[in-house]
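Note that the structure is predicted; figures quoted are calculated from it, not measured.
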Amino acid sequence: MNIKAKNWVIPLMVAAMFGSQSAGVVAGERESLEEVRATTMSLIELLVQEGVLSKDKADALLKQAQQAREKAKEEAEALAAQEAPPVEKTAEGQPKSIRVQYVPEHVKNEMRAEIEQEVMKKLNYKAGERLGIPEWIDRVEWTGELRLRYQQDQFSDNNVTPADLASRERQYMQVNNTSEDRERQRIRALFGANLHINDWLSGGIRFTTGLLQTPVTPNQTEGFSQGKFVFGLDRAFLEAKPYDWLTLTGGRFANPFFTGNRAFGTDLIWDPDLAFDGVVARANPKLNQHWQLFSTIGAFPIEEIESSDTNKARDKWLYAAQGGIEWTSSNNSKVKLGVAYYDFKNVEGEPREFIGDTRYDATVPLWRQKGNSTFRLNPFGNSCGSATNPSLCGLASQFQLFNVIGEVDLALFDPVHVILHGQYVKNIGFDQQEILRRTNTLYDEENEGYEFALMVGHPMMKKRHDWQVFGGYRRLEADAMLDGFTDSNFRLGGTDAKGFFLGAQYGLGKNAWLTSRYVSADEISGLPFSVDTFFLDLNGRF
């Protein structure tokens, strides 16, 4: 049912079922309200007969509406007694009639058709007959999204060669191209289902395109000579809600932490497409009409390692907690502030102790992009790594992140909003002396990052002519975050990056919109490697 229909249906159903009727109400309008009330009562009775709505719930619904009517009547009488405005009279001295707002006939017809369609869909009816469709179909909601992208990567003439980046063991980078501009047509397809299992347990699954060896991007470069697209499972979770304010989730799911409005790309430390594995608990108690607390705590496996006498590496984990507060005004403006702590366990590299020692080789990350400080695991070798064997490169720093994020959403001109976003992160796990002891190398302390962004327009693209413009600046130093999980679009992924982004979105129709974005990013302290990237996306969802 669309928004327009919903805005008419609720008041009309309530008025039809329980509205008082003054003697001055026009007869034709009263007859229309009586017709809608009779139809509503028949629909409720039909829902009870078909088992969609229990008798107890139907009685509770009617009782609740009756109580609401009586309360509204008492408030209206109290207000009338206080103000007691004069009653207008006709020339004959009779009170003037009170008229109910006129509802156009075409709106009534549209409402009637949509109500019938929704109810028949719920009851599995077609042409007046019950279909032989399993009951569980009603508890599955199908979702999906398609994105067609044009991407252009422009490299600076001052960039060093890929060989130069690979030869620097203190910041080893495996990059294939640093000089030749590149154009690609890319596609992303998402298809999933939200599952309503019972009153307190739900779940979800989702498939996506993309390369299976990367956790951060679902984009698939087009080209029919390379065969079929890869389609894999990237969401599979169960979610329990024992209380309205508490949610428990396990499996593989979307980022559970507050990171800002992702519609315009504000995500300093996490790639927006990254999935989290593990378990998480979220509590969102509401203090009153305007104030609400939120908190998230979870444990997430990054890489499981089978330790043994010949493999001393340990499982890599992320333990994280975030807490914050949100204030909502009477006009739906919002201010939200969150503080988080992310503790990555066993992600730093351990050097070999003697020639031929391989016990700590598995301490290197299974997946990297670029930017983190690195060192040579094999101190008896000549290089940190190579294109054929990059596993000799380990991360120099430990990672324990302190993160602060704030967002102000001004809805004074609703539906147009003004959103201000800011975020700061510091890797308090960076310890120069500990790194020197372990790697025999002294590294500069480059462990901070921040971001500012501004958006003006509709927060989400939902219908035709919705629009949005945004821009921001980001700086993420080499060891402020694990480079493997950062935004894959900003300097083509990784840390040791600074620069700005600008963009706009425009609604082409219901659930269809166009997005353009320009990202310009440079290195902070590493070897010269600058990339300007332009994206043009055609999006559609269902």
Legend entry - side-chain hydrogen bond (donor to acceptor under 3.5 Å, both in side chains) involving Asn447 - partner list, sequence neighbours excluded: none

Legend entry - Stepwise ring pair (Phe, Tyr, Trp, His ring centres under 6.0 Å) test for Trp200 and Tyr243: CA-CA 8 Å; Trp200 60 271; Tyr243 305 100; over 10 Å; no

Judged by modelled atom types alone, do [X] and [Y] share a side-chain donor-acceptor pair under 3.5 Å?
X      : Y      : value
Gln151 : Thr533 : no
Arg147 : Asn219 : yes
Asn159 : Ser179 : no
Asn403 : Gln423 : yes
His196 : Glu141 : no
Gln152 : Gln154 : yes
Thr486 : Asp483 : no
Lys334 : Thr328 : no
Gln185 : Glu222 : no
Thr249 : Arg282 : yes
Ser373 : Asp479 : yes
Asp522 : Ser530 : yes
Asp532 : Tyr518 : yes

Is [X] reaching over with its side chain to a backbone N or O of [Y], donor-acceptor style, under 3.5 angstrom?
X      : Y      : result
Asp466 : Lys463 : yes
Arg491 : Phe529 : yes
Arg235 : Gly251 : no
Thr259 : Asp267 : no
Asp343 : Gln400 : no
Thr374 : Tyr172 : yes
Asp153 : Phe534 : no
Trp291 : Trp327 : no

Inset, instruction - Please step through salt bridge (charged side-chain N to carboxylate O under 4.0 Å, His left out) for the pair Glu145 and Arg541, ending with a clear verdict. - result: CA-CA 4 Å; Glu145 186 174 321; Arg541 63 168 171 250; 5.2 Å; no

Legend entry - Stacked cation flag Arg186 on Tyr150, 6.0 angstrom / 45 deg: no

Inset, instruction - Flag this pair as yes if the NZ/CZ of Lys336 is under 6.0 angstrom from the six-membered ring centre of Phe258 and inside a 45 degree cone about the axis; otherwise no. - result: yes

Inset, instruction - Measure the acute angle between the ring planes of Trp467 and His458, then classify it against the limits of 30° and 60° as parallel, tilted or perpendicular. - result: perpendicular

Inset, instruction - Quick one: sort the Tyr450 and Tyr473 rings into parallel, tilted or perpendicular, breaks at 30° and 60°. - result: tilted

Legend entry - Among Phe300, Phe399, Trp317, Trp270, the one residue meeting ring pair (Phe, Tyr, Trp, His ring centres under 6.0 Å) with Tyr342: Trp270

Inset, instruction - Applying salt bridge (Lys or Arg N to Asp or Glu O under 4.0 Å), name anything that partners Glu477, two or more places apart in sequence or on another chain. - result: Arg475

Inset, instruction - Would you please test Phe253 and Glu239 for side chain to side chain contact (heavy atoms under 4.5 Å, CB included) and show each step? - result: CA-CA 10 Å; Phe253 40 84; Glu239 190 167 270; over 6 Å; no

Inset, instruction - Could you tell me the separation between the CD atom of Gln322 and the OH atom of Tyr341, rounded to the nearest 0.5 Å? - result: 14.5 Å

Inset, instruction - Return the minimal non-hydrogen interatomic distance between Pro365 and Glu303, and the atom names on each side. - result: C-OE1, 4.5 Å

Inset, instruction - Step by step, work out the side chain to side chain contact (heavy atoms under 4.5 Å, CB included) result for Asp537 and Arg517. - result: CA-CA 9 Å; Asp537 301 338; Arg517 185 192 308 267; 6.0 Å; no

